[in-house]
Amino acid sequence: HIIIKIPGNTLDSEYIKVLLNIALSVNDKSNECSYVLDKLNKKREQILEINKMGVALGTIKDHNEFHQYLLSNMRKILSVDGASLYIVDPDDTKTLIFVHVQSFSRDLPFKSTKIPINSKSIAGYTAEKRIVVNIPDAYLIDQNSPFKIDSSFDRMTNYRTKSILS
């Protein structure tokens with residue numbers, strides 16, 4: 001709350017405009033503070049979730065259960081609908097195994113498949129180069145990019161991959 005003392009009888013139109021501008025400015029700052037506090041609180045919650053995942057890494061012994069837990073929590077932290085998990089094949093380190101898929105919006109069919117670690121797929125490219133790739137729109141990848149989206153899963157499931165963080 002803001003209390004403004006008005007000296008004497010100075011309620012002319014210019015003075016009222018100044019007071020209104022001050023009040024609006026304070027209200028904007030209050031909204032900005034609320035926004036920043038909300039963002040900070042969300043980041044704090046994300047850090048707590050990441051810490052829980054670290055604990056789970058040491059306590060969940062079943063790989064399948066851990067993979068499901070990891071995907072579920074990463075979807076929550078990143079506020080995304082779907083996620084998939086690939087791991088390096090322990091028997092062939094030049095291959096990725098597609099081990100899990102999850103979605104909030106629908107049940108997606110799953111069949112484990114293997115893909116080569118190379119630049120022909122996004123997952124293969126990121127594994128080969130050991131880098132993170134952030135793609136805002138999976139269907140608007142630059143033509144000069146070394147990788148392309150494999151849209152077969154989207155076609156098969158009537159799903160639309162939007163963004164990719166790999």
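All values derive from a computational prediction rather than experimental measurement.
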What distance separates [X] [atom1] from [Y] [atom2], expressed to the nearest 0.5 Å?
| X | Y | atom1 | atom2 | answer |
| --- | --- | --- | --- | --- |
| K94 | E128 | NZ | CD | 10.5 Å |
| M156 | S152 | CE | OG | 7.0 Å |
| R75 | S84 | CZ | OG | 11.0 Å |
| N134 | L165 | CG | CG | 5.5 Å |

If hydrophobic clusters are built from ILVMFWY residues whose side chains come within less than 4.5 Å, do [X] and [Y] share one?
| X | Y | answer |
| --- | --- | --- |
| L57 | I60 | yes |
| V132 | I50 | yes |
| Y69 | Y86 | no |
| L70 | L48 | no |

**OP:** Start with the C-alpha gap between K76 and Q46, add the side-chain angles, then the distance that decides, and say whether side chain to side chain contact (heavy atoms under 4.5 Å, CB included) holds.
**Re:** CA-CA 9 Å; K76 181 179 173 186; Q46 290 172 335; over 6 Å; no
**OP:** Give a yes or no on this: more than 12 heavy atoms of other residues, nucleotides or ligands lie within 6.0 Å of atom CG of N158.
**Re:**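 For N158, atom CG is not crowded (no more than 12 foreign heavy atoms under 6.0 Å).
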Checking the side chain of [X] only, and the main-chain atoms of [Y] only, is there a donor and an acceptor separated by less than 3.5 Å?
| X | Y | answer |
| --- | --- | --- |
| Q102 | A83 | no |
| T161 | A138 | no |
| E49 | I77 | no |
| K120 | I117 | no |

How close do [X] and [Y] get, heavy atom to heavy atom, and via which atoms?
| X | Y | result |
| --- | --- | --- |
| L96 | A123 | CD1-O, 3.5 Å |
| S121 | I115 | OG-CD1, 3.5 Å |
| P136 | S163 | O-CB, 3.2 Å |

**OP:** Indicate whether the side chain of S119 and that of K148 have a donor and an acceptor atom separated by less than 3.5 Å.
**Re:**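 Side-chain D/A pair, S119 to K148: absent.
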Subject >> Residues Y159 and D81: side-chain donor-acceptor under 3.5 angstrom >> reply: yes
Original post:
Would you say the side chain of N51 lies within less than 4.5 Å of the side chain of I47, judging by non-hydrogen atoms?
Top reply: yes
Original post:
Charged N to carboxylate O under 4.0 angstrom, R160 versus D137?
Top reply: yes
**OP:** Give the other cluster members for F147, using side-chain heavy-atom distances under 4.5 Å between Ile, Leu, Val, Met, Phe, Trp and Tyr residues; answer none if it is isolated.
**Re:**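 Hydrophobic cluster check, F147: joined to I122, Y125, I131, V133, I135, Y139, I141, I149, I164.
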Original post:
Looking at L85, T113, L71, which hits side-chain contact (heavy atoms from CB on, under 4.5 Å) with V99?
Top reply: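 One option only clears the test, and that one is L85.
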Original post:
Where do D92 and K114 land on the side chain to side chain contact (heavy atoms under 4.5 Å, CB included) test, with the steps shown first?
Top reply: CA-CA 10 Å; D92 177 7; K114 293 185 178 190; over 6 Å; no
